[in-house]
Amino acid sequence: MKAVKTIRRIGFRKWYERELLQSHMHLVLLVLCSLGMLGSAEAFGISQPVGSQLVMVACALASALIGYWALRRYLYLLNHAEYVADQAVCRQCDTYAKWDVTAEQAQECRMTVCCRRCGNRWSIGL
């Protein structure tokens, strides 16, 4: 899994930070698409030629589709990062995100981790 390889390479905290940054960049894209839709609606005019009207409708439709994709991607990345972060706490010593990946179960989308502080092992779902 790509996430497990990235967590092994850069660590969980940096992976989590990158996931949140990536999700929020999709939120920025959503805001820009909303502005594009509003601009298309403002530029649309009934007195304009049909070709110009079709271009404005196409721009609004493209902005809506990209915005819809950006919203779905934002919510997925944010929920995925939070889902993994909720499991990143050692149940024995209550330490957050101080563990090493020991094994990966690709079929089950899980990784086994070991706490650096107390040595406790548990499984984290991705």
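Treat the numbers as computed from the prediction; the structure is a model and nothing was measured. All values below were derived from every heavy atom in this structure, side-chain atoms included, with hydrogens, water molecules and symmetry-related copies excluded.
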- Message: Please determine whether residues L35 and M25 belong to a single hydrophobic cluster, defined as Ile, Leu, Val, Met, Phe, Trp and Tyr linked transitively by side-chain heavy-atom distances below 4.5 Å.
- Response: no

- Beyond-backbone contact of C115 with W122, side-chain heavy atoms, under 4.5 angstrom: yes

- Query: Can you pull the salt bridge (charged side-chain N to carboxylate O under 4.0 Å, His left out) pairs that have at least one residue in residues 112-126, sequence neighbours excluded?
  - Reply: D100-R116

- Worked check of side-chain contact (heavy atoms from CB on, under 4.5 Å) between L21 and H24: CA-CA 5 Å; L21 285 173; H24 283 86; 5.9 Å; no

- Item | Cluster overlap L20 with L126, hydrophobic side-chain contacts below 4.5 Å | yes

- Shortest non-hydrogen separation from Q92 to C118 and the atoms involved: OE1-SG, 3.6 Å

- Task: Among residues two or more places apart or on two chains, list those pairs meeting side-chain hydrogen bond (donor to acceptor under 3.5 Å, both in side chains) that have a residue in residues 37-53.
- Result: Q48-S52

- Query: What distance do R9 atom CZ and T6 atom OG1 have between them, rounded to the nearest 0.5 Å?
  - Reply: 5.5 Å

- How long is the span from the OH atom in Y96 to the CG atom in D94, to the nearest 0.5 Å? 12.5 Å

- Query: So, does R13 use its side chain to make a donor-acceptor pair with the main chain of G11 at under 3.5 Å?
  - Reply: no

Identify all side-chain donor-acceptor contacts of residues 58-83 below 3.5 Å with residues at least two apart in sequence or on another chain.
unit_1, atom_1, unit_2, atom_2, d
S63, OG, C59, O, 3.0
N79, ND2, L75, O, 3.1
E82, OE2, Y16, OH, 2.5

- Go through the structure and list residues passing side-chain contact (heavy atoms from CB on, under 4.5 Å) with V101, not counting sequence neighbours. V4, I7, R8, W99, M111, V113

- For T112, side-chain hydrogen bond (donor to acceptor under 3.5 Å, both in side chains) partners two or more places apart: Q105

- Item | Under 4.5 Å side-chain linkage, directly or through intermediates, the cluster mates of L54 | V50

- Message: Please give me the minimum heavy-atom distance between Q22 and H26, naming the atom from each residue.
- Response: O-ND1, 2.9 Å

- Roughly how far, to the nearest 0.5 Å, is the SG atom of C109 from the CD atom of E104? 9.5 Å

- Is M37 reachable from L29 through a run of hydrophobic residues whose side-chain heavy atoms are each under 4.5 Å from the next? no

- Which residue pairs pass the ring pair (Phe, Tyr, Trp, His ring centres under 6.0 Å) test when at least one of the two sits in residues 33-59, sequence neighbours left out? none

